[in-house]
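First the structure, in the form of structure tokens, and then the observations on it.
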Amino acid sequence: MESARQEKLQKLKEQGLAYPYRFRVSHDIGEIKSRYEKPTEGRELCVRGSVKKVSRVEEGYLIRLVGDRGVEMLALTSEELRVGAECTLKGKLDRYEGKLCLMDALPCQEEALSPEEVKKEYDLDPGFEEVSLAGRLVTLRSMGKALFGHLQDATGKVQIYLRKDTVGEEALKSFEELVDTGDILGVEGRLFRTNAGELTVEVKSFTLLAKSLHPMPEKWHGVKDVEVRYRQRYLDLIANETARKVFLLRSKVVQSVREFLNAEGFLEVETPVLQHVASGANAKPFVTYHNYLEQNLFLRIAPELYLKRLVVGGFNRVYELGKNFRNEGVDTTHNPEFTMLEFYVAYWDYTDLMEFTERLLSHVVVSTVGSLKRSYKGREVDWTPPYRRYHYFELLQEKTGKEKEFFLKDLEGLRALARDLGVPKVETLTHAKLIDKVFERLVEEELWDPCFVTDFPKMLSPLAKTHRKDPELVERFELFVAGRELANAYTELNDPFEQRERFFQQLKEKEMGDEEAMQMDEDFITALEYGMPPTAGEGIGIDRLVMLLADVDSIREVILFPALRRS
RNA sequence: GAGCCGGUAGCUCAGUCGGCAGAGCAACGGACUUUUAAUCCGUGGGUCGCGGGUUCGAUUCCCGCCCGGCUCACCA
């Protein structure tokens, strides 16, 4: 804590002004901004002005372009321009940090508009509307008898302007004495635009709503230290626009998924996180203890077996959007708790699900990022359906020249192949694991645009129904995007006898050293004995979907509070 | 779990081949009534991740530990 701020808080406490109970807000900051800022729709424009300031940013140079009458707008360009230079730039109009900006601007010779003319069209005159706004004071520029600052929350940022004539000498003095950047401030006043054209509240009165006892992160570089960003995510959200964008996007994705499923007649349900048997996936569970029941429980590794019980119960379309917990390694694509969507549809098979997945994902992608094409790691991902479909063993055959029989029958040959591919610890891997590893090595990375890989070997899929045309396969697909598995789905196995056999097979795998082999769930088999209709089910990794749409390469960037060791 | 890299002011980062610890922003004092990475003048600020060792002297060299990142292994 900073002593100067503590002293100011002490003064506020003495005056009974330290932590007010409420403040009447007329609008969100974002709401007021969008009211007077028209969407630009990425229009191509030519603008002429003189360069007032050049700042180096990640994307190149950020230029403040000023017109004859002092109205300003921004341009992002790779051109190195000198301050004071007259220039004409052409680029796509957008907003950068809330201001009109020509993106990817290049010099041009065409007929050009002035910043005044552009702003007149897109930045409307607020006409001295009276507003009452609140937010965190993130910048402050004192000019003696007047001062400027910006209030910010997750919805946006708005400039405030206090002048002695309007707010009064006493009030201005107490602002200078008591308010720091980082404080939460409420202001009342009227909206206008400054000479430079920025939407601004001319403040009549202000209220300090909460004091920040710590100084804010640096305004230009923000917080870069990932440890601070993850442990104190609030600082990341305050300081870094990109962090705010990612988590707003995540929220939109979740909302959009629900919207789509609800509209398709699905029922959202919640099944136990604490389970007696952690089954439904191949993974090591977390163990916990219930004092009253006097027994160990597991945190679920998947909701699958409970959701299928609900289908037995007559809920024909169910989904659950929630956390799964797996007691395994942590890295850029794995967090011990992660968010999965699982959904089940009675009377469908996996081919119905492929078509449905295309509709679901294209809806989510369009409604969250506004386009079916989205770049990931500098390469475009095209989400436009239909997605290509490949057979599992056809892909393997393409890569190795070897047929299905080789992979399913020639265990030693397969082991040798895996060894040649550099798969570690091949001697200890089970047959199923070997096939899985070889597929991963040879095929997965190349599957960039969304595509379905279908018809997996049965030994990899203990809950999937045997393929109607081939008893060695199951009716299962995985959806791959950008080289990673995004969804996993199958026609559900609903024969209780066969299900029991498959669980036994898993127990054998476990004895042969596969720690993650699936656990037997007798109660689930009992449910199947009552009759589960033909059903198709699917799981989609929400964190990974968000990673793709947000164009980030670590799962920690899309989880607000990722798992870290205690500091 | 293994290998490599990192931890210096509130933040972003320099730096010390072992000799009083540096900048910008933030803070503090002053000037400035349309600024916007405001500007100008001045001031203060450090357990150099933690613990040991070597040394006259360690933030720097050595050893151990903690935390993080990347790669690999396990997994989605």
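So you know, we letter chains A, B, ... as the sequences are listed, proteins then strands, and number each from 1.
- Remark: the A:T139 side chain and the B:rU36 base include no donor-acceptor N/O pair separated by less than 3.5 Å.
- Note on A:R484: nothing from the nucleic acid sits closer than 4.0 angstrom, heavy atoms only.
- For A:Y161, counting side-chain heavy atoms from C-beta on, the closest listed nucleotide (B:rU34, B:rA37, B:rG69) is B:rU34.
- Backbone-only engagement by A:R565 is indicated by non-hydrogen atom pairs under 4.0 Å involving sugar-phosphate atoms exclusively.
- Between B:rA23 and B:rA9, the distance separating the two C1' atoms is 11 Å to the nearest Å.
- When each of A:A4 and A:K145 is assigned the nucleotide of RNA chain B bearing its nearest heavy atom, the one mapping closer to the 5' terminus is A:A4.
- Side-chain atoms of A:T333 stay outside donor-acceptor range of the base of B:rA76, with no qualifying N/O pair under 3.5 Å.
- With sequence neighbours left out, A:E444 forms a side-chain hydrogen bond (donor to acceptor under 3.5 Å, both in side chains) with no residue at all.
- A donor and an acceptor atom sit less than 3.5 Å apart, one in the side chain of A:Q159 and one in the base of B:rU35.
- Regarding A:Y230, its OH atom lies at a distance of 12 Å from the P atom of B:rG68, rounded to whole Å.
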Shorter than 3.5 Å, N or O on both sides, protein versus nucleotides 12-15 of chain B: list them out with atom names.
from	atom 1	to	atom 2	distance (Å)
B:rU12	OP1	A:K224	N	2.9
B:rU12	OP1	A:D225	N	2.9

List every contact pair, protein side and nucleotides 43-46 of chain B side both N or O, where the distance is under 3.5 Å.
none

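- Using a 3.5 Å distance cut-off with no hydrogens or angles, the side chains of A:T200 and A:Q159 do pair a donor with an acceptor.
- Residues A:V54 and A:I63 have side chains in contact (heavy-atom distance under 4.5 Å, counting atoms from C-beta outward).
- In this structure, A:D180 places its CG atom 5 Å from P of B:rC28, rounding to the nearest Å.
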